[in-house]
Amino acid sequence: QVQLVESGGGLVQPGGSLRLSCAASGSVSRIVSMGWHRQAPGKQRELIAAISSAGTTNYANSVNGRFTISRHDGLSTVYLQIDSLKLEDTAVYYCNAKVETWKGRGLGTYRDEDVYWGEGTLVTVSA
């Protein structure tokens with residue numbers, strides 16, 4: 001299992017910056033990738049960015065260059081840098097981890113990925 005704890009959220013003025021952190025513990029060596037998502041009030045949770053164990057990054061099409069995902073010590077800690085914050089960036093930001101796991105028995109053993117989520121950290125952008 002993997003435990004994820006986000007931090008770094010808070011109240012920030014428009015135009016400001018924040019760096020969110022997601023610390024992973026447990027079976028960190030089995031983490032295949034980690035991602036940042038957000039959920040604004042009244043909206044569905046959406047993917048912002050993801051980073052693999054190899055360091056490959058992917059961003060949602062809606063991301064316009066203001067978000068940067070990075071990692072430290074493999075995938076033990078993942079960051080999300082948010083610049084030029086806008087009012088519409090107000091949301092709860094969650095990180096998740098896809099963890100390699102093996103299921104089944106004997107010849108029926110197969111590789112799968114379990115997904116773990118943190119509790120989220122609130123980012124409020126307000127003047």
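In this text the structure is predicted, and so the values were computed from the model without any measurement.
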Any Val99 side-chain heavy atom under 4.5 Å of Thr101 side chain: no
Heavy-atom neighbours of Gln44 CD exceed 12 at 6.0 Å: no
For Leu85 against Arg66, the heavy-atom pair lying closest together: CA-NH1, 3.9 Å
Co-membership, hydrophobic cluster, residues Ile51 and Val2, 4.5 Å side-chain: yes
For Asn96, all residues meeting side chain to side chain contact (heavy atoms under 4.5 Å, CB included), sequence neighbours excluded: His37, Val115, Trp117
Cluster link Leu87 to Ile48, ILVMFWY, side chain under 4.5 Å: yes
Any pair counted as salt bridge (Lys or Arg N to Asp or Glu O under 4.0 Å), so long as it reaches residues 43-59, sequence neighbours left out: Arg38-Glu46
Cluster check Leu4, Val92: I/L/V/M/F/W/Y, side chain < 4.5 angstrom: no
Qualifying salt bridge (Lys or Arg N to Asp or Glu O under 4.0 Å) pairs, either residue in residues 106-127, two or more places apart: Glu100-Arg111, Lys103-Asp112, Lys103-Asp114, Arg111-Glu113
Student check: side-chain heavy atoms of His72 and Tyr79 closer than 4.5 Å: yes
Short side-chain to backbone donor-acceptor contact, Thr90 and Val125, under 3.5 Å: yes
What donor-acceptor contacts under 3.5 angstrom involve side-chain atoms of residues 11-35, with partners at least two apart or in another chain?
{"from": "Ser17", "atom 1": "OG", "to": "Asp83", "atom 2": "OD1", "distance (Å)": "3.0"}
{"from": "Ser25", "atom 1": "OG", "to": "Gln3", "atom 2": "OE1", "distance (Å)": "3.4"}

Pairwise distance CG(Asp89) to CZ(Phe67) - rounded to 0.5 angstrom: 4.5 Å
Contact list for residues 34-65, test disulfide (SG to SG under 2.5 Å), sequence neighbours left out: none
Pairwise distance CG(Leu122) to OH(Tyr93) - rounded to 0.5 angstrom: 9.5 Å
Side-chain donor-acceptor contacts of residues 52-59 below 3.5 Å, not counting sequence neighbours, with atom names and distances?
{"from": "Ser52", "atom 1": "OG", "to": "Ala54", "atom 2": "N", "distance (Å)": "3.2"}
{"from": "Ser52", "atom 1": "OG", "to": "Gly55", "atom 2": "N", "distance (Å)": "3.3"}
{"from": "Ser52", "atom 1": "OG", "to": "Thr56", "atom 2": "N", "distance (Å)": "3.1"}
{"from": "Tyr59", "atom 1": "OH", "to": "Ile69", "atom 2": "N", "distance (Å)": "2.9"}

Derivation of the side chain to side chain contact (heavy atoms under 4.5 Å, CB included) call for Gln39 and Tyr94: CA-CA 8 Å; Gln39 187 166 18; Tyr94 299 90; 4.1 Å; yes
